[in-house]
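In what follows, a structure is listed as structure tokens, so that the remarks can point back to it.
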Amino acid sequence: MRYLPLTADDRRSMLSAIGAKSIDDLFVDVPLSARRDGVVDLPKVMGELEVERELSALAARNKPAGSVPFFCGAGAYRHHVPATVDHVIQRSEFLTSYTPYQPEIAQGTLQVLFEFQTQVARLTGMEVANASMYDGSTAAAEAVLMASRVTRRTRAVLSPGLHPHYVHSIETLAHATSIQTERLRPAVDAEADVIEAIDANTACVVVQTPNVFGTATDVTRIAEAVHAAGALLIVVTTEVMSLGLLKSPGEMGADIVAAEGQSIGNALNFGGPYVGLFAAREKLTRQMPGRLCGETVDAEGRRGFVLTLSTREQHIRRDKATSNICTNSGLCALAFNIHMSLLGEKGLRKVAAVNHAQARKTRDALAAVPGVEVLTPRFFNEIAVRLPRPAEQVVQVLADHNIIAGVPFSRLDPEAGMDDVLLVAATEIVTDHDIKLLAMALSKVLSA
Amino acid sequence: MSSSMNTVGRPTAPTEVDPIHGFQSLTGGRGLLQDEPLIFEMDGWDKTGVDVPDADLDASDLGALVRRDPIGLPGLSEPETMRHYVRLSQKNHAIDLALYPLGSCTMKHNPRLNEKMARLPGFSDIHPLQPQSTVQGALALMDRLAHWLKTLTGMPAVALSPKAGAHGELCGLLAIHAAHDAKGDHARRVVLVPTSAHGTNPATAAFVGYSVREIAQTADGRVDLQDLKAKLGPDVAAIMVTNPNTCGLFERDIVEIARLTHEAGAYFYCDGANFNAIVGRVRPGDLGVDAMHINLHKTFSTPHGGGGPGAGPVVLSEALAPFAPTPWVVSHEDGFRLVEFEEGEAVQSFGRMNAFHGQMGMYVRALTYMMSHGSDGLRQVAEDAVLNANYIKARLSDVMSPAFPDGPCMHEALFDDRWLEGTGITTLDFAKAMIDEGFHPMTMYFPLVVHGAMLIEPTETESRIELDRFIEALRALAGAARAGEVDRFKGAPYLAPMRRLDETQAARQPRLSWKAREGSNLAAE
Ligand SMILES: Cc1ncc(COP(=O)(O)O)c(C=O)c1O
């Protein structure tokens, strides 16, 4: 087997150095009833060519986003990622290193994390950011738990525009920890309804902007109400490219930001791996989950970086830790860091502007299709439209004609009674021609 | 001092100087290792490394929502970016450079075929919510991965969506919680965890609202059955036992542990981080396990990437399978379908753990790895991993002190610091001195049950020659320690990109992001 360097001779002489007669001697502690002599019933060793052939055949049964006009968003976005990003993340020293537990020989990773934390803090308008979470949804769930620890209250209010998968991820964790959640009925533009739902036991209010329907909301007034009640405001963003155009959560009064960072540097990957961004006000630092990288000096006084404040973490604090997270999304954070360093504020604002322009064109084109109603009033790059028939059917017909038109809201939340709502995202990869094709195909399907 | 000259008069042999105390470069660089600033210190405030057409920005719908204040994100041109990251990369150790013997972490070779397959557009460029008819190959891949994991573990079900080992632990405990609830048993508030457990075990139990009770360990490094019996009771929801355990030993009484646990009405969560030692040779399903996570980033070679991402699928027993988290893949007559909601066949599911379907990129890599090895190759993986660890243990036992000298270890060899007694050198010093010899240190001070622990896991992808090199380096260091060469250890590392870093200062005054120095954009040093 090509990944196994030991030869039969090596094995023999090593066994004799150990003083064992056979490899079975090394497995003596396994109970007899559990020892298996033969190999398990699975295919045998395969050459690179054969593996590649089989997996390529599976890959060929999928329709890649890049092969068709493509309008899916709803928490995962297809952006152009510069070639440099994928090249750098495949460098051995980044790809095949572990968590930087020995900082003297991990300064590459550590400096990247320090830069990443700074970029995330600035992008979200917050004071501190951690070294990443699994994804936006688990970051949001952890944010709710953190708010409950900070406020010593046990109720979370979830806004009408919070992504249903985020709602469910939060509920799963919250309910296991006796935090009650109150989720407001899904609505396109009603984030401010959370204000009415705040009570004396409310630990946090979770709002999303742009929300799952694409609606961007100024949460300043919500923040004031939340703070007046002694609770924390958690702002969720699933499309961080929007922060190149829209006011940051920090500027609008967020206490914690939980965001999906996939849009910067990372491919769609059918949902993972992605990179959860977690940022907060400085005074909350010691209640944050996850790893933090900090600046220090070495024995010669030179600046360097280390993992720090680890007394919050599982490997030190065990059952008193702020979270159980260990492995995070390091390499995806690197991809984010590289892409963001290439963009800079200048590039970010430009790409964001292109997104918004393409989304406006999409809105105008769809609004002109008979029977289609645009629901989203203010958006970055995604809108919700109402169709005269179930969105799922329409999307399927269009997919059969090689157009992937978006995400039916019912795919996320079948109970919401919004089967006719379609979420349509247009990033910079969407061309004017794609938009025209979508509008034409949609009119055809709807008039059929 | 000798200095041989070539024909153009340039010295080709280095001048002999004390490499540590005698020389400082003028710029802070160390030969090829540049002193690389942060991107915030490179004057990139008005630069970008992407060429994007100017859009006619009409943000009239957005009004006051438009971001006006500067964000403070510098950009770099492409060549500057490339250099920045290549320079940084050179300050990292990596499995591609040398043995990386971090016990419990399974730093094995990461095959590049995995990377190539994961980047096929049919896997990397598909959206989690595009119509299922357009992702049948991806669903088939998930189904096939599930089949391999179930077959290798001898378990009837698997939840793929957990995103790492700790997330898998969460999945297991949530399933256990749901299973007790379904029986109307709400009195079980305790999870038993051995003292030797990884920190994620007690942290996860507490995360889900359980209180943690520790189980003692025997002198030979295993779960103390008497103590376990004493602590099992009607208040215990589960035990979490790592097997092979964090001391690198197989729990000989594992079947009895499972029996006692079930007899007490609790479930058996097995931490499968060390599955590499037994894959293809032992099926956890034959041991009475109810749930076990598998770190695809350990046993199945997906890269650690400097800290992640990983993936932590959880295999489940019949008893726990109905409570598995959504989503999962089922096959029907015309293809594959995702079960995404807690209804119908998933009515007992404890719910969703994250936004989409888990770590597809890791699934592709892990399946590529499994198919490459096949059932026979995977069995050989376990055997070679165990052989390599025992070889290291055998060859170092006369100079270092093995924590459990009797009997074989599994895939990792655990030493304590008794052999350093009286030298004034600690496990930390010894680890830092290994860096000067070109090796990444082993896992230190874990597990907690062994004083000054040094946990060495070579994995199966090391050659005999590399193992011998490593062993000789450790033997030489052990000799130096005995000979009283204290400075070699206390000042180490000398030859790494950085000298020893001050972690105390970092924690005392946390600086967690870059801030401009007073009065300038740049941090002019
Ligand atoms: C024994 C053990 N359990 C659990 C974990 C946690 O796994 P992960 O880092 O994938 O969350 C680890 C990994 O570090 C481990 O070594």
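Only this structure's heavy atoms are used, side chains among them; waters, hydrogens and symmetry mates stay out. A note on names: the letters A, B, ... follow the listed sequences, proteins ahead of strands, and every chain is numbered from 1.
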### Sidechain-backbone polar pair: Arg464(B) side chain, Leu6(A) backbone, donor-acceptor under 3.5 Å
no

### Query
Would His84(B) and Glu115(A) count as having a side-chain donor-acceptor pair, cut-off 3.5 Å?
yes

### Query
On the ring face of Phe27(A), is Arg281(B) found with NZ or CZ under 6.0 Å from the centre and within 45° of the axis?
yes

### Query
Would you say Met371(B) and Pro43(A) make side-chain contact, with heavy atoms under 4.5 Å?
no

### Side-chain ion pair, Arg35(A) and Asp286(B), N-O less than 4.0 Å
no

### Query
Hey, does Pro309(B) have a side-chain heavy atom less than 4.5 Å from the side chain of Leu331(A)?
yes

### Message
Do Leu113(B) and Arg2(A) have side chains that approach each other closer than 4.5 Å (heavy atoms only, starting at C-beta)?
### Response
yes

### Task
Would you check if the side chain of Asn62(A) reaches a backbone N or O of Gly137(B) as a donor-acceptor pair within less than 3.5 Å?
yes

### Message
Using the side chain to side chain contact (heavy atoms under 4.5 Å, CB included) definition, which of the options Leu129(B), Ile126(B), Thr134(B) pairs with Ile404(A)?
### Response
Thr134(B)

#### Entry: Basic-acidic side-chain contact under 4.0 Å: Glu52(A), Lys116(B)
yes

### Query
With the threshold set at 4.0 Å, does a side-chain nitrogen-carboxylate oxygen contact exist between Arg119(B) and Asp86(A)?
yes

#### Entry: Heavy-atom pair with the smallest gap, counting every atom of Ile105(A) and Ile435(B)
CG2-CG2, 3.5 Å

### Query
Do we see a donor-acceptor contact under 3.5 Å between the side chains of Glu503(B) and Thr296(A)?
no

### Task
Please find out if less than 6.0 Å separates the ring center of Phe270(A) from that of His127(B).
no

#### Entry: Side-chain donor/acceptor of Thr48(B) to backbone N/O of Leu343(A), under 3.5 Å
yes

### Query
Okay, side chain of Thr327(A), backbone of Gly310(B): is any donor-acceptor separation there less than 3.5 Å?
no

### Message
Salt bridge or not between Arg378(A) and Asp61(B)? Use side-chain N to carboxylate O under 4.0 Å.
### Response
no

### Message
Between Val354(A) and chain B, with a heavy-atom cut-off of 4.5 Å, which part of the residue counts as in contact: side chain, backbone, both or neither?
### Response
both

### Option that, when pairs with chain B are counted at under 4.5 Å, heavy atom only, ranks first among Pro273(A), Gly294(A), Ala299(A)
Pro273(A)

### Task
Report yes or no: do Gln111(A) and Lys91(B) form a side-chain donor-acceptor pair below 3.5 Å?
no

### Task
Please test Phe356(B) against His165(A) for ring-ring contact (aromatic ring centres under 6.0 Å, His included), starting from the C-alpha separation and ending with a verdict.
CA-CA 7 Å; Phe356(B) 301 115; His165(A) 285 177; 5.7 Å; yes

### Message
Regarding Arg352(B) and Glu171(A), does a basic nitrogen lie under 4.0 Å from an acidic carboxylate oxygen?
### Response
no

### Residues Lys432(B), Glu104(A): salt bridge by 4.0 Å N-O rule
yes

### Task
Sequence neighbours left out, what passes side chain to side chain donor-acceptor pair (under 3.5 Å) with Ser513(B)? Give chain and number order.
Lys515(B)

### Task
Taking only Lys NZ, Arg NE, NH1 and NH2, and the carboxylate oxygens of Asp or Glu, determine whether Asp125(B) and Arg78(A) approach each other closer than 4.0 Å.
yes

